[in-house]
Protein chains: 2
Amino acid sequence: MAGPVATRDKIVGSALELFWERGYEATGISDIVERAGVRSGSLYHFFENKEHVLVAVLETYQAALIPHIFDPPFQRERDPLERIFAVLADYRNRLLTTAFKYRCPIGSLALEVGPVSERARVLIDANFAAWRAAIASQLSQLRLRRGNDPASLAAFVLTVMEGGVMQAAAHRSAEPYDESIAHLRAYLTSLLK
Amino acid sequence: MAGPVATRDKIVGSALELFWERGYEATGISDIVERAGVRSGSLYHFFENKEHVLVAVLETYQAALIPHIFDPPFQRERDPLERIFAVLADYRNRLLTTAFKYRCPIGSLALEVGPVSERARVLIDANFAAWRAAIASQLSQLRLRRGNDPASLAAFVLTVMEGGVMQAAAHRSAEPYDESIAHLRAYLTSLLK
DNA sequence: GTCTATAGGATGATAGAC
DNA sequence: GTCTATCATCCTATAGAC
């Protein structure tokens, strides 16, 4: 313990922000300690190296997934299908409130560090799996036509979110995201009994 | 001119490979000139800085898009719908032949440098637009039910490719990609008259 | 646990000869 | 256009006092 916010948490929180804003490679240890308001000695007291900071950031994302990404939209909506589109509407809001600079932090790290850090890749995969599980639990409450597996459909929902956010960021417009979500809705609706 | 392969082309080709293998930030000027077999003075003769090398790489991708990504699958298949899935089958092969380390180079650069280099972001957006146009030209040859816009559907196809490749790389398995493509096929088929 | 100070190497970029 | 040589800075990581 070291005061109202523990030093380790300040370091992880600053790294989380910076990796999201600039990416992993573009963020220096010096940037992290500067934003956290600590010295590099403190960072290296808690973490062996920069990759271990990344691991802590990915564990933080995983812990925040249900309370931050799923609980608010699931509170707003009752219908399982509408809950899924409420989650996707929240991502749309993130695009708007960041002037289309929003990138999914997990998706960005998947492409940037997945190939070079196996430990990070496993944690990114776990984040994706938890995201799919939350969607699949709603899909399994729907009356789907035979042959439609909630887990497989949840992977499709994640695919559409990630691909839609990527295109919207590149296009600096919500249009590709909105179009993709509209097609997803048409498809999921067509699968209902 | 400077021999069988011009120096500038060697630099751009090496940078293209390295940005794809390691990403933009993780690639140093020294890596690029080493792989190209030239000295840094040559690189700075042709390019003002590293960002200008990135611009040349993105222009190279754009020029290669039709001949490398679309012509081969379009030669193999005649039916417009099967042409689209032949393109997507080629991406699946890239996943397999790279042991699931394949990342779409444009998608990766979209997330990594899109937010920091506006000139790169515009070129990435142009690459995406050309990709969508090639798909839309096939979709417009299909007899689609009313209200289905080829351009909007092409954005959905790109969304599914990018999101599916991302998940497959994180999962080190073709499964999330295959599931996503299967759902896309079910959806597109349902739109045919 | 936190600090100061710094090692040791890599980085992007430049100068100027040829 | 290509080369050698190098600057100035930044980087990750460490050592050791407190």
Side-chain angles (χ1 to χ4, degrees), chain A residues 1-60 109 112-113 115-120, chain B residues 1-60 109 112-120 123:
Chain A
M1 287 276 263
V5 177
T7 299
R8 203 194 111 105
D9 291 346
K10 286 197 283 188
I11 291 166
V12 174
S14 300
L16 185 147
E17 290 175 13
L18 286 160
F19 293 166
W20 179 74
E21 290 169 18
R22 308 181 195 174
Y24 177 71
E25 291 289 348
T27 297
I29 298 284
S30 55
D31 299 321
I32 297 169
V33 298
E34 188 183 333
R35 183 168 300 196
V38 303
R39 311 295 144 237
S40 78
S42 295
L43 187 147
Y44 284 101
H45 171 74
F46 290 108
F47 302 100
E48 264 186 47
N49 52 39
K50 192 176 158 186
E51 188 186 1
H52 285 233
V53 178
L54 172 63
V55 165
V57 165
L58 289 168
E59 287 167 347
T60 301
L109 290 171
E112 188 182 5
V113 303
V116 295
S117 167
E118 176 63 11
R119 201 168 160 197
Chain B
M1 285 276 264
V5 177
T7 298
R8 201 194 113 104
D9 290 346
K10 286 198 283 188
I11 291 166
V12 174
S14 299
L16 183 147
E17 289 175 13
L18 287 160
F19 292 166
W20 180 74
E21 289 168 19
R22 309 181 194 172
Y24 176 73
E25 291 288 347
T27 297
I29 297 285
S30 55
D31 300 321
I32 297 169
V33 298
E34 188 183 332
R35 183 168 297 198
V38 303
R39 312 295 143 241
S40 78
S42 294
L43 188 147
Y44 283 101
H45 170 73
F46 290 106
F47 301 100
E48 262 186 50
N49 54 38
K50 193 177 162 188
E51 188 186 2
H52 284 233
V53 178
L54 172 64
V55 165
V57 165
L58 289 168
E59 287 167 346
T60 301
L109 290 171
E112 189 183 3
V113 303
V116 296
S117 166
E118 176 63 11
R119 201 169 160 196
L123 284 165

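Just so you know, these numbers use all the heavy atoms, side chains as well, and skip hydrogens, waters and symmetry mates.
- Applying the 4.0 Å criterion to OP1 and OP2 of dA13(C), one finds that Tyr44(B) has a side-chain N or O inside that range.
- Taking atom CG of Asp9(A) as the reference point, atom C1' of dT2(C) lies 16 Å away to the nearest angstrom.
- A 4.5 Å side-chain heavy-atom check between Glu112(B) and Phe19(B) finds every atom pair outside the cut-off.
- A sub-4.0 Å separation between OP1 or OP2 of dC3(C) and a side-chain N or O of Ser42(A) is present.
- You won't find any donor-acceptor pair under 3.5 Å spanning the side chain of Thr7(A) and the base of dT2(C), going by distance alone.
- For the pair Leu43(B) CG and dC3(D) P, the interatomic distance rounds to 12 Å; values are reported in whole Å.
- Using a 4.5 Å heavy-atom cutoff, the side chains of Val53(A) and Phe46(A) are not in contact.
- Residue Gly28(A) is in sugar-phosphate contact alone, with no base atom involved, counting any heavy-atom pair closer than 4.0 Å across all strands shown.
- Taking side-chain N and O atoms only, His45(A) has a distance below 4.0 Å to OP1 or OP2 of dG1(C).
- The shortest distance between the side-chain N/O atoms of Arg39(A) and the OP1/OP2 oxygens of dT2(C) is not below 4.0 Å.
- A donor-acceptor pair is defined here as one N or O able to donate and one able to accept, closer than 3.5 Å; such a pair exists between the side chain of Lys50(B) and the backbone of Tyr24(B).
- Here Ser30(A) lies in heavy-atom contact (under 4.0 Å) with sugar-phosphate atoms only.
- Atom P of nucleotide dT12(D) and atom NZ of Lys50(A) are separated by 5 Å, given to the nearest angstrom.
- Taking atom CZ of Phe46(B) as the reference point, atom P of dA13(C) lies 17 Å away to the nearest angstrom.
- For Asp31(B), the salt bridge (Lys or Arg N to Asp or Glu O under 4.0 Å) partners at least two apart in sequence or on another chain are Arg22(B).
- dT12(D) atom P lies 14 Å from atom CD1 of Ile11(A), rounded to whole Å.
- With salt bridges taken as basic N to acidic carboxylate O contacts below 4.0 Å, none links Glu51(B) and Arg119(B).
- A straight line from CZ of Phe47(B) to C1' of dG1(D) spans 14 Å, rounded to a whole angstrom.
- Atom CG of Asp31(B) and atom C1' of dT11(C) are 10 Å apart (whole Å).
- Going from atom CD1 of Ile29(A) over to atom C1' of dG8(C) covers 16 Å, rounded to whole Å.
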